[in-house]
Undergrad: 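Structure incoming, see below.
From a predicted model like this one, the values you see are computed outputs, not experimental measurements. Residue numbers start from 1 in every chain, and the chains themselves are labelled A, B, ... in the order their sequence lines are given, proteins ahead of strands.
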Amino acid sequence: MKIATWNVNSLKVRLPHVLDWLAATQVDVLCLQETKTEDKAFPYEALEAAGYHAVHNGQKTYNGVAILARAELDDVCFDIPDFADEQKRVLAATVNGLRIVCAYMPNGQEVGSEKYGYKLRWLAALAGYLRAELQRFPQLALLGDYNIAPEDRDVHDPVAWKDQILCSEPERAAFRELVGLGLADAFRLFEQPPKLYSWWDYRQMGFRLNRGLRIDHILLSQPLAAACSACTIDKAPRKLERPSDHAPVMATVNLQSP
DNA sequence: ATGGCTTGAGTGTCAAGA
């Protein structure tokens, strides 16, 4: 079973890339972030024609998350329960007995800003939600745009980024808190090429110069980590015309069918 | 250097991203 995550930075603009990528990879589950669309404009029909069911938690202009799956999506849960938030950033569903949590974590703008405070509060609420969710669903994967580079090796220039947004110690501590719930960073379960990132700035030839950060992640609960045989970042869609600034991340999990 | 792209909103230019 292949599961993946991709911040598409507007599904309206990127739908052709998404459909091409689904056809090429045949992933079983794809979590999307930054759909930037309301539910009424979500492309259910095009995705169904491509062989995917979909659930969406969206809003106008900003944010928005979706889960696409070849199998049925059950027990769908919107947002973080008991956390008041106008922003549509979380969606969970069960696919083939596997609990999929799709998250678009806040950017935080600048260390010390109001949005940074929101980011840290939001991350604490997410951890509380996942602690309960893991009790209910031992087979759980948390996929999404975390907006956190967990370690210096996930950053093209750790000196320039030191203590900056996406790299600050409180953000990294929040990432470690998620790992501490019993989750493993699928990417780091395997030997990986050096300097492989998942996001590059549109400006200053960021992608061409590989000035990137690894901020999109797949965290797996213990039974899934034990069944995981690969995790890769696919840079190919980032090379297309009008790309998203993020690349998709994909993991292979070898589960016996339920 | 507070710039540099891209998107959505809406028809001016700005917020937000990371």
Side-chain angles (χ1 to χ4, degrees), chain A residues 5-18 31-43 56-66 85-90 102-123 126 143-175 178 187 195-217 233 235 237-249:
Chain A
T5 180
W6 193 3
N7 179 324
V8 290
N9 185 19
S10 169
L11 185 54
K12 184 182 170 193
V13 174
R14 229 67 65 192
L15 183 61
H17 290 190
V18 170
C31 294
L32 302 178
Q33 301 85 39
E34 287 207 89
T35 58
K36 297 188 176 181
T37 187
E38 294 175 291
D39 288 337
K40 64 186 178 193
F42 189 83
H56 181 229
N57 188 17
Q59 66 186 101
K60 207 176 185 183
T61 313
Y62 300 118
N63 308 310
V65 285
D85 192 358
E86 305 273 302
Q87 304 184 28
K88 301 301 186 185
R89 295 181 174 278
V90 176
C102 172
Y104 173 48
M105 307 193 193
N107 171 284
Q109 195 163 61
E110 189 181 356
V111 174
S113 66
E114 191 177 320
K115 285 177 183 172
Y116 183 74
Y118 163 72
K119 180 175 192 173
L120 296 180
R121 286 194 306 278
W122 193 98
L123 288 165
L126 180 73
L143 307 92
D145 176 358
Y146 286 57
N147 271 312
I148 302 171
E151 301 177 47
D152 279 354
R153 61 177 164 161
D154 301 312
V155 182
H156 70 95
D157 186 347
V159 174
W161 281 87
K162 183 177 167 52
D163 297 328
Q164 300 299 304
I165 198 67
L166 317 182
C167 300
S168 74
E169 187 46 41
E171 290 166 271
R172 288 179 168 179
F175 184 88
L178 294 171
F187 187 78
K195 303 183 192 305
L196 181 52
Y197 309 116
S198 69
W199 169 86
W200 302 260
D201 200 301
Y202 282 124
R203 300 164 291 188
Q204 307 272 108
M205 298 195 298
F207 183 68
R208 243 183 252 243
L209 300 171
N210 198 30
R211 291 182 182 155
L213 303 178
R214 192 177 70 94
I215 57 176
D216 301 87
H217 308 295
I233 299 174
K235 290 172 74 169
R238 188 64 175 79
K239 300 172 184 171
L240 300 170
E241 289 272 317
R242 280 190 95 183
S244 168
D245 42 357
H246 295 252
V249 184

Undergrad: Would you please name every residue forming a ring-ring contact (aromatic ring centres under 6.0 Å, His included) with A:F207, sequence neighbours left out?
TA: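 Counting only residues at least two positions away or on another chain, A:F207 forms a ring-ring contact (aromatic ring centres under 6.0 Å, His included) with A:W200.
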Undergrad: Relative to the 5' end of DNA chain B, which residue comes earlier, A:R242 or A:L166, by the nucleotide with the nearest heavy atom?
TA: A:R242
Undergrad: Provide, to the nearest angstrom, the distance between the CG atom belonging to A:D245 and the P atom belonging to B:dG8.
TA: 12 Å
Undergrad: Who passes side chain to side chain contact (heavy atoms under 4.5 Å, CB included) against A:R203, sequence neighbours left out?
TA: A:D201
Undergrad: Under 4.0 Å, heavy atoms only, any strand: does A:N7 hit a base, just the sugar-phosphate, or nothing?
TA: sugar-phosphate
Undergrad: With salt bridge (Lys or Arg N to Asp or Glu O under 4.0 Å) as the rule and sequence neighbours excluded, what pairs involving residues 156-166 of chain A come up?
TA: none
Undergrad: Between B:dT6 atom C1' and A:M205 atom CE, what is the distance in whole Å?
TA: 17 Å
Undergrad: Can you measure A:N147 atom CG to B:dA16 atom P for me and round it to whole angstrom units?
TA: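 Distance, rounded to whole Å: 15 Å.
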Undergrad: Using side chain to side chain contact (heavy atoms under 4.5 Å, CB included) as the criterion, list what pairs up with A:K60, not counting sequence neighbours.
TA: A:E38
Undergrad: Map A:E34 and A:P243 onto DNA chain B by nearest heavy atom, then report which one ends up closer to the 5' terminus.
TA: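 That would be A:P243.
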Undergrad: In whole angstrom, what separates A:Q59's CD from B:dT7's C1'?
TA: 14 Å
Undergrad: B:dA16 C1' sits how many Å from A:D145 CG, rounded?
TA: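 Result: 13 Å.
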Undergrad: Work out how far the P atom of B:dC14 is from that of B:dA1, and round it to whole angstrom.
TA: 24 Å
Undergrad: Quantified in whole Å, what is the P atom distance between nucleotide B:dG10 and nucleotide B:dA15?
TA: 14 Å
Undergrad: List the residues meeting side chain to side chain contact (heavy atoms under 4.5 Å, CB included) with A:E114, not counting sequence neighbours, and say none if there are none.
TA: none
Undergrad: If I take atom CD in residue A:Q164 and atom C1' in nucleotide B:dG17, what distance separates them, rounded to the nearest angstrom?
TA: 16 Å
Undergrad: Which residues pass the side chain to side chain contact (heavy atoms under 4.5 Å, CB included) test with A:H156, not counting sequence neighbours?
TA: A:W161, A:Y197, A:R211, A:L213
Undergrad: Look at the side chain of A:T37 and the backbone N and O of A:S10, then say whether any donor-acceptor pair between them is shorter than 3.5 Å.
TA: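 No.
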Undergrad: Under 3.5 Å, which protein N or O atoms sit close to an N or O of nucleotides 2-4 of chain B? Give each pair with its distance.
TA:
{"unit_1": "B:dG4", "atom_1": "N1", "unit_2": "A:R203", "atom_2": "NH1", "d": "3.0"}

Undergrad: From CD of A:E114 over to P of B:dG17, roughly how many Å is that when rounded to an integer?
TA: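 Distance, rounded to whole Å: 12 Å.
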Undergrad: Kindly write out the residues that satisfy side-chain hydrogen bond (donor to acceptor under 3.5 Å, both in side chains) with A:Q59, not counting sequence neighbours, or none if the list is empty.
TA: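 A:Q59 satisfies side-chain hydrogen bond (donor to acceptor under 3.5 Å, both in side chains) with A:N63 only.
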Undergrad: Whether the side chain of A:Y202 engages the backbone of A:P243 through a donor-acceptor N/O pair (distance < 3.5 Å, no angle test) should be reported.
TA: yes
Undergrad: Measure from OH on A:Y104 to P on B:dT7 and round the result to the nearest Å.
TA: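 Roughly 14 Å, once rounded to whole Å.
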Undergrad: Checking A:R14 side chain against A:R242 main chain: does a donor-acceptor pair fall under 3.5 Å?
TA: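 Between the backbone of A:R242 and the side chain of A:R14 there is a qualifying donor-acceptor contact (under 3.5 Å).
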Undergrad: For A:Y197, which contact category applies under a 4.0 Å heavy-atom criterion: base, sugar-phosphate, or nothing?
TA: nothing
Undergrad: Does A:R211 reach a base, just sugar-phosphate, or nothing at all? Heavy atoms under 4.0 Å.
TA: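 Nothing, no heavy atom under 4.0 Å.
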Undergrad: Please give the distance between the P atoms of B:dA9 and B:dG4 as a whole number of Å.
TA: 23 Å
Undergrad: Could you run down the sub-3.5 Å N/O contacts of the protein with nucleotides 9-15 of chain B?
TA:
{"unit_1": "B:dA9", "atom_1": "OP1", "unit_2": "A:T61", "atom_2": "OG1", "d": "3.2"}

